[in-house]
Amino acid sequence: MAEPLLALDDLAVHFKVGSALAGGVHTLKAVDGVTLDVKPGECLGLVGESGCGKSTLALAIMGLIPPTRGHIALDGRDLAQRGRLETARTVQMIFQDPYASLNPRQTVRRTLADPLRIHGVTDRAEVEARVVDIMAKVGLRPEHADRYPHEFSGGQRQRIGIARALILKPKLVICDEPVSALDVSIRAQIINLLLELKDELGLAYIMISHDLGVVEHVSDRVAVMYLGRIVEQGGWQEIFENPRHPYTRALIAAIPDPFHRAAVSARAKARGEVPSALDPPPGCHFHPRCPLKADICVSQDPPLEPVAAGHRAACHFRDRIG
Amino acid sequence: MTADSLLRVEDLRIALAGDRTIYNAVEEVSFEIRRGEAFGLVGESGCGKSITALAVMGLLKRPLSLGGGKILLDGEEIQNASAARMRMLRGSRIGMIFQEPMTALNPLSPVGRQIAEMFVLHQNAGWSEAMDRAEEALRQVRVPSPGRRVKDYPHQLSGGMRQRVMIAIALACSPELLIADEPTTALDVTVQAEIIDLMAELCAAKGTAILMISHDLGLVANMCKRVAVMYAGRIVEAQPAEAIFAKPQHPYTQGLVDSLPRLGERSRRGQQRLREIAGVVPSIQAYPAGCRFNPRCPRASDVCLTTAPAITPLPAANSIEALVRCHHHG
Amino acid sequence: GVADAQQAQTPRKGGVIRMTAPYAASFGSLDPQATPRAQDDIVNKAIHRTLYNWDTANSKLVLELAKSVSVSDDGLVYTYKLRDDAYFHNGRKMTADDIIYSYTRIMDGKKGYPGARYIRLIKGATDVEKGTAKEISGLRKIDDYTLEITITDRVDPGYYLFSGSTAILPKEEAEKPDFASHPVGLGPFKFKEHIPGSRVVMERFDKFYKPGKPYADRLEVLIMAEAAARDVAFRNKEIDTSILGPAQYVAYRADPQLAKGILEVPEMFTRSIQFNLADGGAKPFKDKRVRQAFNLAIDSDLIIKRLVKDKAYRAVSWLPPSSASFDKTMKPYAHDPEKAKKLLAEAGYPNGFEFELTTSQNESWGMPIVEAIMPMLAKVGIKIKPKLVEVTVLTEIAMKGEHQAYIGSSLTGPDSLATLRCYYSKTPRTACNYTGFSSPAFDKLLDEAGQTGDMAKRTDLLKQANNVLYDEAPVWFFNYNKAVLAHQPWIHGLQANPTEITHQYPEDIWVDATSPAK
Amino acid sequence: MTLIPIKLMPRLRGGTSLWIGGGLVGLAVFVAIAAPLIARTDPVMDANLMNAEIPPGWEFPFGTDAQGRDIYSRIVYGARISLTVGVGSQILNSLIGVSLGLTAGYWGGWWDDFVTALTNLMLAIPSLIFALAIMAILGPGLSSLLMALGLTAWSYSCRIARAQVLSLKSQGYIQAARILGYGDLRIMFTQVLPNILGPLIVIATLGMGTAILSEAALSFLGLGIRPPFPSWGSMLSEARDQINTVPWLSIFPGVAIFLTVLGLNLLGDGLRDILDPQSTTRRS
Amino acid sequence: MLLVLARRLANVVPTLVAVIALVFLLFSVLPGSFISGMGEDGRTTIDPAVMERMRKEMGLDDPLPERFAKYIAHTAVGDLGKSFRTREPVTYLIGQRIWPSLKLMFAAMAFAIVVGVTLGFLAALRPGSLVDTVSMVAAISGLSLSQFWFGLMLMYLFALTLQWLPSFGYGDGGIMHLILPAIALGVGPMALLARTTRAAVLDVLNADFVRTARSKGMSERRVVEWHVLRNALVLVITIIGLQFGSLMGQAVVVEKLFAWPGVGSLLIDSVFQRDMPAVQGCILLIVLFFLAINTLVDIAYVAIDPRIRYGR
Ligand SMILES: Nc1ncnc2c1ncn2[C@@H]1O[C@H](COP(=O)(O)OP(=O)(O)OP(=O)(O)O)[C@@H](O)[C@H]1O
Ligand SMILES: Nc1ncnc2c1ncn2[C@@H]1O[C@H](COP(=O)(O)OP(=O)(O)OP(=O)(O)O)[C@@H](O)[C@H]1O
Ligand SMILES: [Mg+2]
Ligand SMILES: [Mg+2]
């Protein structure tokens with residue numbers, strides 16, 4: 001088995017919110033004990049509802065938020081020991097909102113060339129060549145280089161964002177909902193592009209998305225997050241065809257499928273609202289919404305344990321489902 | 001026109017006053033909703049779904065205005081109805097739910113009061129009676145402990161709860177038609193499913209027809225009996241829900257259905273390259289001549305560049321009308 | 001008309017007098033001993049009384065709280081027969097004890113009362129100030145209405161004991177902590193109300209010692225520091241008197257109605273540029289010819305006429321014309337730029353020089369004047385760098401000698417000897433020798449004048465000293481102030497007080513029935 | 001540098017306030033720059049008491065003052081001082097405010113707390129009072145005035161800069177820059193600053209008007225510019241005693257101040273519509 | 001409620017201490033001592049010996065830290081020292097000025113609120129109409145006016161030319177004397193309020209929940225009454241608070257011009273007299289007032305805005 005490119009060990013990111021003067025300080029456990037790894041060339045899908053900590057996890061991996069606990073190892077070395085620039089050349093990120101993720105006052109060329117210069121590529125010709133090259137790869141024409149972001153459509157902007165992420169030739173790219181802000185008819189273009197680039201450049205992805213269809217389509221492995229924790233993790237086929245956590249099942253059941261009307265049993269559906277991460281329920285975080293809730297769920301926090309080879313779920317009843 | 005037609009929109013045109021010219025943000029839009037029926041309107045962002053709904057409500061504001069066409073509610077032409085008449089219809093006979101539950105409620109007013117207003121406005125109820133009925137309405141939308149919740153302010157409720165309150169407001173006076181403009185896009189997926197179910201259930205119980213607006217074809221097809229697809233201000237296809245997924249006629253609809261990875265697709269067919277729809281959605285100011293989909297259409301021919309396609313009726317399945325607007329449909 | 005004039009002869013009893021306090025936006029203190037400010041004295045003159053007073057009509061000092069005085073031969077012991085009809089506003093009669101108490105209070109070293117500079121004339125006063133004595137040895141009560149004062153110098157104590165800051169106060173009241181907000185005195189009006197920053201209201205004191213006086217029932221002093229607002233208020237008939245600046249002076253004289261109510265007086269203030277002749281100053285000024293050239297280069301008459309709008313009298317030398325030692329035969333420096341140039345060349349400055357002139361914003365002796373002389377001096381090559389400071393800082397700068405020259409206004413009366421002492425070489429800069437002037441001839445004349453008991457001789461010696469100053473020109477002699485008081489037609493009995501025109505004699509003032517004030 | 005993206009151009013056409021404001025300010029700036037060319041006399045040395053207080057007419061379009069100086073020329077030169085006061089103090093304010101606000105918003109932590117506390121402190125002392133205190137200490141004059149007005153009103157731009165940075169900080173392109181290895185200062189200067197210039201320019205424009213008015217107020221209180229060099233405020237303040245007798249002394253500087261400040265306010269409003277469309281009128 | 005108050009107070013105290021320190025330091029370096037301020041017009045010269053003695057007496061020669069410590073200690077117990085000028089306690093001096101100051105401010109603010117908010121409202125309800133244009137032109141002109149110039153104009157127009165109102169002063173404290181200075185002081189806040197109100201009302205009118213209200217079939221009038229007013233008020237009240245709070249500071253000019261016996265004229269007087277304790281006292285009061293008003297605004301928020309009332 002290949003050495004993991006990225007290894008997270010019991011990673012936790014807690015935020016202090018509020019102030020001592022205004023109602024007291026609370027701890028928000030945005031990410032709470034996540035252990036994961038990503039191998040080279042692999043695509044890990046990360047799904048979960050809004051606020052469950054997906055973006056926070058991504059930013060922690062990027063080194064933008066210091067972890068409260070646990071370790072992040074890139075290429076086998078702890079993130080803390082790596083230089084900022086070195087990390088930048090290993091892992092990059094694609095953002096959700098193509099409108100907010102480009103500096104409106106910079107041309108495409110500057111957006112792409114500046115990082116190269118910062119990383120010591122000073123030869124003008126080389127910079128130019130790499131800019132043109134990457135633009136071609138993401139499907140932009142060379143004359144686009146001197147335009148400003150507002151002159152592009154959403155899909156084109158996302159291409160610029162992808163080009164920017166790839167200009168330093170990273171090994172791992174974190175895609176934080178790369179298509180959810182795009183017009184429906186554009187999404188396929190971007191998803192195809194990402195998959196092509198993956199094969200062509202041997203990239204590893206972490207694909208964060210709400211859209212289970214997309215995750216299923218692109219991922220090799222999938223991790224499901226709920227309130228800061230991984231509740232289930234495994235190969236894509238296992239997760240989608242044989243989910244072992246009631247939350248995963250609820251997620252899948254919530255997807256309207258005109259071909260399979262009412263195919264999912266009402267039992268799979270989750271009830272009620274997602275609790276606040278500030279004040280998560282005790283025991284299994286999912287128990288207030290869980291159709292399988294039992295007393296043990298309230299008192300005990302189920303560990304993430306294997307159910308099959310490479311498939312783990314954090315549910316007291318993981319073996320009874322499915 | 002069918003006998004049990006509730007809302008009929010004929011050749012609706014909505015004008016958008018630009019800097020110098022007037023654009024047609026929506027044109028040649030016709031559809032019909034029958035009593036108790038769920039009708040879906042799907043389309044990408046900016047194609048004119050919301051303003052169509054607002055036109056029906058008589059709530060268009062500058063720079064938008066009604067450019068032409070007829071809107072008939074229960075046979076009554078309301079496109080030129082007086083302001084007072086429209087106020088009577090709004091709320092009591094047509095209810096509406098908006099996309100953003102965060103901002104659609106007045107943050108400074110208890111939710112109970114905001115529901116109760118409906119009874120005061122339309123049923124001459126006194127405030128205390130109205131508040132009691134508001135509590136009842138909250139119970140109907142399955143808000144836990146409604147007695148306490150009536151006094152809560154919107155910020156004390158979660159997104160799903162707020163949307164439930166919106167539903168309670170819209171359905172308070174048992175309208176004949178509920179217009180739901182992307183009621184769940186701002187919600188979590190699991191919550192979304194619950195809200196949709198609730199809406200469908202309540203409407204069925206009250207016999208309220210629904211005009212469901214969304215950009216999610218799957219969602220609409222799942223919930224509605226009939227679906228119309230809009231593109232760039234025009235309806236390009238309308239079919240029964242199953243048919244539009246199984247046998248889409250318009251190249252745009254076909255593109256939409258095929259381009260999106262659907263759950264279970266990979267297991268069935270393996271990881272295939274998605275079908276792309278080339279190009280981008282045009283902006284109002286730059287709608288192409290002829291068929292508006294022509295720059296992106298794989299089947300486009302010369303006629304598509306010059307002539308806007310007329311409506312072609314499709315063979316009716318289940319006695320529901322179906323139509324497509326394409327020179328090369330099928 | 002005639003009827004008016006006749007009516008004007010018989011003062012009306014009753015009515016309200018509304019005077020203005022124009023110098024600052026508030027009163028400092030209504031404890032007369034605690035304040036040296038002219039602004040405060042406008043009120044204090046009505047409430048309080050001093051041993052002497054200035055008789056404006058005859059330009060001399062008169063006894064106020066005493067009926068008569070006798071002087072010992074050596075001129076150092078004064079015995080006063082005090083009034084036995086003077087009552088404090090609290091109803092108690094004034095006695096010699098009150099004067100002794102008041103003067104002793106002023107010398108309280110811990111308080112630093114401004115009047116101390118006057119009382120120091122009395123023998124033993126400084127001991128009290130230093131804390132070595134409890135009582136002033138030079139004050140002796142003979143009986144309730146007879147007081148003996150021993151002084152240290154052969155001068156007229158009247159010049160010292162008429163100052164408002166030597167007012168006589170009743171002990172039992174002055175000792176109260178809130179005396180300053182509830183002043184009690186001997187004056188014709190008793191305190192009623194003070195709205196700080198706005199006005200002081202006083203009422204007639206019926207037991208005032210001058211029979212039949214005061215006339216008015218009420219006296220209001222309204223604070224009105226903004227000339228423009230004062231102008232509006234006066235025209236709007238909201239105030240009875242107003243001090244006029246040059247601009248208003250012109251306007252009021254031009255207005256036939258307003259022109260009737262203008263009272264003018266040459267005040268005992270000399271406006272000048274004082275050159276710093278000491279080492280800190282600009283070198284050129286050490287040369288007498290440069291100073292003379294300075295005086296010759298400026299067309300002072302033109303400035304007075306056009307800029308000051310004739311609201312001043314051309315200065316000849318240091319003493320004002322109202323002084324007995326003023327030499328009426330002297331002519332002021334002529335306007336002669338050619339001669340000025342020649343003198344400058346002789347002094348070694350054919351191309352002139354540049355110096356820094358410290359000035360305040362004051363319209364009559366500050367920046368506007370500097371702005372007017374700048375081009376004139378530039379014609380003879382003297383360049384001015386104006387340095388604007390606040391009025392309040394001006395004196396301090398002058399005392400410290402941190403200036404090359406400054407433009408200001410100096411009190412030059414009524415005591416001419418004291419006035420000229422400011423150029424006596426042994427007078428320290430901190431006292432008032434701001435120029436650092438030193439001339440043996442001048443010193444000698446002043447020494448002699450101080451020693452002589454013969455008033456006529458003293459006057460003559462001072463006249464000579466004043467003429468020395470003219471020639472030496474330690475200053476640019478600009479003008480003597482003309483104070484102008486505008487008053488409404490219904491107010492009568494105002495006096496042209498040359499020491500300070502706003503300091504009126506409220507017991508003599510009356511308003512006729514046409515006054516709109518109720 | 002493209003400060004105003006092209007898409008904004010069409011909106012320029014509609015903004016009457018922008019055009020009027022820009023015109024007025026442009027005129028004032030032109031007058032200030034061209035002062036030696038368009039003034040008729042020296043504003044200080046050409047005093048001629050023989051010409052004192054001549055009403056406006058052929059010879060002296062705006063009349064003369066008590067010193068016999070041409071008011072027109074003094075107004076023209078006064079534009080220099082008044083605009084210097086306005087622009088200079090705002091540059092100072094912006095420099096202080098932006099550097100504090102930018103770093104506070106970007107770095108956060110104790111520095112942010114400190115800057116926020118400092119800003120609140122500055123806001124709690126009315127700036128006129130603060131300026132008055134500083135003028136009283138430094139004494140009248142142009143440089144003290146620049147200090148007094150430039151050190152006391154930076155809290156507005158600081159607040160705006162901070163708020164803007166906070167909202168930009170979570171924007172993708174700032175995060176992207178950090179991820180790409182940009183240094184903090186580089187991010188602040190190349191990524192943040194160009195994108196928050198709009199509201200800052202607006203606030204600075206409005207601040208210039210306030211500064212010119214403050215200069216007039218301080219002059220009135222006797223703590224303004226150092227004569228004889230004319231500023232509009234000091235001219236107005238000197239002339240106030242004669243408003244009834246020699247009205248033209250105060251009319252012209254009064255009008256000059258009013259029009260210039262009006263111009264700046266209109267310009268600020270207009271710019272706000274273009275540069276900072278989301279904000280409504282929230283100035284204090 | 002209490003919590004909000006406590007929180008505010010916790011914020012206010014450090015600010016106050018900082019202001020005290022700042023003011024103290026500022027005025028300890030002032031050139032010119034209070035004594036030189038005791039004469040004016042060059043009319044009185046003071047004995048240098050007296051001056052020395054008084055400096056000692058007032059502790060002006062002590063080292064700065066010592067003076068500062070003493071000052072803080074005294075201020076903490078509400079003793080602002082004695083005025084150099086009148087030798088009375090500063091608290092007493094200020095006490096006499098507070099009432100006229102408050103009167104002027106309340107009158108000015110009442111004028112500003114009544115006129116400004118009304119104009120802003122009318123303008124927002126009919127954007128683009130004549131009312132809108134006129135009131136917005138008036139508002140921006142109001143913001144461009146020099147306060148003392150405007151005050152003088154009022155004086156000349158209403159006092160001198162029309163003779164409707166007294167020109168200056170406090171008079172007997174009656175309403176007539178109050179009108180002109182209140183207008184002169186209130187015109188700035190009035191203009192600002194007109195603009196803010198208009199913007200706020202327009203903001204609210206475009207809010208989603210107003211659209212919801214309309215979709216309920218509400219008449220425009222009800223929409224405004226039930227849903228717009230209160231929400232706009234939340235926005236407007238901040239500006240009212242900020243304006244009100246800084247009014248005491250702004251009043252310096254107007255008080256001087258109209259010879260109004262308020263804190264502002266005491267301050268300016270004291271600055272020129274170098275009366276340090278009085279200056280410090282006045283500034284302290286002005287800051288305190290600002291903070292107090294802002295605290296009141298916060299409390300008002302709590303009353304109006306449930307989002308603040310329930311945590312968050
Ligand atoms: N800087 C921060 N300070 C405090 N709380 C934060 C911060 N960033 C994120 N959070 C909180 O942490 C939780 C996780 O946020 P995160 O953005 O990671 O969620 P997410 O899964 O990416 O959601 P979404 O799908 O909406 O993007 C949320 O409750 C969020 O409010
Ligand atoms: N007030 C307005 N001013 C100008 N253009 C408008 C206005 N409201 C809507 N439009 C334009 O009209 C078109 C249709 O808008 P509409 O809101 O109906 O789109 P939609 O289909 O509901 O999109 P979405 O899915 O984003 O809600 C859009 O191009 C939009 O830009
Ligand atoms: Mg996220
Ligand atoms: Mg919409």
Side-chain angles (χ1 to χ4, degrees), chain C residues 23-31 34-39 109-114 116-117 120 129 178 180-181 194-199 222-226 228-233 235-236 238 269 362 365 389-397 399 408-411 428 430-432 500, chain E residues 31-55 57-58 83 85-88 92-93 96-97 100 148 151-152 155-156 159-160 163 166-171 173 255-263 265-266 268-274:
Chain C
Y23 297 123
S26 66
F27 292 115
S29 177
L30 298 185
D31 176 346
T35 171
R37 304 163 83 214
Q39 170 97 340
K110 287 203 233 61
K111 295 279 168 52
Y113 285 125
R117 62 196 296 245
R120 275 189 213 114
E129 191 173 23
D178 65 344
S181 42
H194 176 201
I195 300 172
S198 175
R199 59 178 185 169
L222 299 125
I223 298 172
M224 192 72 261
E226 273 299 310
R230 204 163 56 230
D231 178 32
V232 176
R235 290 167 186 263
N236 207 9
E238 291 168 50
F269 284 90
N362 188 287
W365 42 272
V389 298
E390 280 165 47
V391 178
T392 48
V393 191
L394 202 59
T395 330
E396 182 148 315
I397 288 176
M399 280 185 191
S409 171
S410 316
L411 179 67
T430 47
C432 67
E500 168 57 66
Chain E
S33 68
F34 71 98
I35 313 275
S36 44
M38 293 187 76
E40 84 273 335
D41 253 21
R43 281 163 200 253
T44 321
T45 42
I46 295 166
D47 225 297
V50 177
M51 189 140 77
E52 277 318 299
R53 189 187 291 272
M54 286 179 75
R55 287 189 68 86
E57 190 60 33
M58 293 176 176
S83 156
R85 188 160 52 100
T86 70
R87 293 140 207 249
E88 286 166 308
Y92 173 74
L93 284 186
Q96 292 173 312
R97 306 293 191 118
F148 77 82
L152 272 180
M155 241 185 218
Y156 276 96
L160 191 65
Q163 305 213 332
S167 61
F168 81 102
Y170 189 63
E255 286 187 5
K256 179 155 192 254
L257 180 65
F258 285 93
W260 191 263
V263 176
S265 48
L266 176 65
I268 194 83
D269 240 24
S270 308
V271 166
F272 283 113
Q273 310 289 339
R274 296 286 181 269

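Chain identifiers are assigned alphabetically (A, B, ...) following the order of the sequence lines, protein sequences preceding nucleic acid strands; residue numbering begins at 1 within each chain.
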**Q** So which part of C/R199 gets closer than 4.5 Å to some heavy atom of chain E, the side chain, the backbone, both or neither?
**A** side chain
**Q** What residues, two or more places apart in sequence or in another chain, satisfy side chain to side chain donor-acceptor pair (under 3.5 Å) together with C/S29?
**A**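 Counting only residues at least two positions away or on another chain, C/S29 forms no side chain to side chain donor-acceptor pair (under 3.5 Å).
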**Q** Could you tell me which non-hydrogen atom of C/M224 sits nearest to which non-hydrogen atom of E/L257, and how far apart they are?
**A**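 Taking C/M224 first and E/L257 second, the nearest heavy atoms are CE-O, 4.4 Å.
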**Q** Measure the spacing between OG of C/S198 and CD of E/E255 and express it to the nearest 0.5 Å.
**A**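 Answer rounded to 0.5 Å: 11.5 Å.
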**Q** Does any heavy atom of chain C fall under 4.5 Å from the side chain of E/Y92, the backbone, both, or neither of them?
**A**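 Looking at E/Y92, just its side chain touches chain C.
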**Q** Which region of C/A233, side chain (C-beta onward) or backbone (N, CA, C, O), has a non-hydrogen atom less than 4.5 Å from a non-hydrogen atom of chain E, or is it both or neither?
**A**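 Both backbone and side chain.
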**Q** Is it the side chain or the backbone of C/D231 that comes within 4.5 Å of chain E heavy atoms, both, or neither?
**A**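 Contact with chain E involves the side chain of C/D231 alone.
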**Q** Please report the closest heavy-atom contact between C/I223 and E/A259, naming both atoms and the distance.
**A** O-CB, 3.6 Å
**Q** State which residues pass side chain to side chain donor-acceptor pair (under 3.5 Å) with E/S270; sequence neighbours excluded, sorted by chain then number.
**A**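 With neighbours one apart ignored, the set is empty.
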**Q** So what's closer than 4.5 Å to chain C heavy atoms on E/L152: side chain, backbone, both or neither?
**A** side chain
**Q** Kindly give the heavy-atom pair with the smallest separation between C/P196 and E/R97, and that separation in Å.
**A**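 So the two residues come closest at CB-NE, 3.4 Å.
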